[in-house]
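This report concerns only the one structure given below.
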Amino acid sequence: MAKLPISSYLHTDVVYIARFLLGKYLFSNIDNILTGGIITETEAYKGTSDKASHAYSGTRTNRTEIMYGQGGVAYVYLCYGIHYLLNVVTADVNIPHAVLIRAIYPIIGTNEMLVRTGKTKVNNNLSNGPGKLTKALGIDLSINGASYQGSDIWIEDNKIAIKKMDIEAGPRIGVGYAGKDALLPYRFVFNYGDYIKKTH
DNA sequence: TGTAGGATCCACT
DNA sequence: GTGGATCCTACAG
């Protein structure tokens with residue numbers, strides 16, 4: 001496998017990238033420990049025009065500044081004062097689109113993931129939420145701004161050929177405050193369990 | 001400087 | 001299925 005090239009992140013259609021990232025391998029190498037898994041859930045946040053986005057209406061703050069840079073870097077922020085959430089910044093400079101990685105299926109370094117999360121079993125429950133997956137992968141604010149071409153965090157391509165029918169689209173989670181934008185079908189789920197059943 | 005509210009998770013019923 | 005934990009961020013004054 002090979003790291004996704006920077007060009008993969010510069011597409012201007014953030015919804016396209018959100019679907020594209022499903023089934024790819026997300027890796028982190030934190031404290032010299034390799035952990036990773038298959039991306040199974042993403043959400044698209046469409047820059048300045050999307051009420052659910054932190055960059056809605058072009059607001060620039062210290063927190064969101066990274067979203068306005070070039071795509072291919074990580075945007076990590078603290079939610080509810082408790083959970084770190086991991087995003088992929090996409091598109092070119094001044095277009096603050098981002099994809100929230102909501103879930104992965106754990107594959108590599110699962111023992112370390114159990115230690116980090118305090119869980120005892122490796123299953124889909126280990127990293128099936130945006131706060132849980134950052135904890136399992138050891139991601140915190142020190143990763144904010146890191147390049148996906150670097151050695152801390154990256155995404156690799158693979159041989160998984162996902163068909164349209166393997167992807168479920170629906171409204172995003174926890175964005176009820178966003179008015180009609182809360183209804184946009186910008187959440188994408190790749191049902192990895194069903195995929196395995198069908199191909200084996 | 002104060003305060004309202006949030007891109008969540010877990011324990012408990 | 002429901003509610004509390006918990007604290008940072010953004011914005012108003």
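Proteins get letters first, then strands, A, B, ... in listed order; numbering begins at 1 in each. Both backbone and side-chain heavy atoms feed into the values below; hydrogens, waters and symmetry mates do not.
The minimum heavy-atom distance between A:Gln149 and A:Leu4, with the atom names listed, is NE2-O, 3.2 Å. Across all their heavy atoms, A:Val88 and A:Ile155 have their closest contact at CG2-CD1, 4.3 Å. In plain terms, the two heavy atoms of A:His83 and A:Gly131 that are nearest each other are CB-CA, 4.0 Å. The minimum heavy-atom distance between A:Asp140 and A:Tyr84, with the atom names listed, is CB-CE1, 3.8 Å. Here the closest heavy-atom approach between residue A:Ile104 and residue A:Ile39 is recorded as CG2-CA, 4.0 Å. When all heavy atoms of A:Pro171 and A:Ala182 are compared, the closest pair comes out as CB-O, 3.6 Å.
Tested against A:Tyr75, the residues A:Leu86, A:Asn87, A:Leu100, A:Val99 include a single side-chain contact (heavy atoms from CB on, under 4.5 Å) partner, A:Asn87.
Taking 4.0 Å as the cutoff to heavy atoms of chain A, we find the contact window on DNA chain B bounded by B:dG6 to B:dC10.
Rounded to the nearest 0.5 Å, atoms CG (A:Asp157) and CG (A:Leu21) are 10.0 Å apart.
Within 4.0 Å of A:Ile173, counting heavy atoms only, lie sugar-phosphate atoms of the nucleic acid but no base atom.
Nearest-nucleotide mapping onto DNA chain B: of A:Tyr177 and A:Lys132, the residue sitting toward the 5' end is A:Tyr177.
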### Message
Does A:Leu22 form a side-chain contact (heavy atoms from CB on, under 4.5 Å) with A:Thr42? I'd like the steps, not just the answer.
### Response
CA-CA 7 Å; A:Leu22 291 173; A:Thr42 61; 4.0 Å; yes
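Secondary structure note: stems in DNA chain C built from 3 or more consecutive Watson-Crick or G-U wobble pairs under 3.5 Å occupy B:1-6 with C:7-12, B:8-12 with C:1-5.
Scanning for side-chain hydrogen bond (donor to acceptor under 3.5 Å, both in side chains) contacts around A:Asn128 gives A:Lys132, with sequence neighbours left out.
Ring orientation note: the planes of A:Tyr195 and A:Phe190 are nearly perpendicular, at an angle over 60° on the 30°/60° scale.
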### Task
Using a 4.0 Å heavy-atom cut-off, write out nucleotides 8-13 of chain C from 5' to 3' as B (base contacted by protein), S (sugar-phosphate only) or - (no contact).
SSSS--
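For the contact set between residues 41-58 of chain A and DNA chain C, defined by any heavy atom under 4.0 Å, there are no members.
Residue pairs meeting the side-chain hydrogen bond (donor to acceptor under 3.5 Å, both in side chains) criterion with at least one partner in residues 168-184 of chain A, sequence neighbours excluded, are A:Asp50-A:Arg172.
Counting only distance, with no hydrogens or angles, the side chain of A:Thr110 and the backbone of A:Val122 share no donor-acceptor pair below 3.5 Å.
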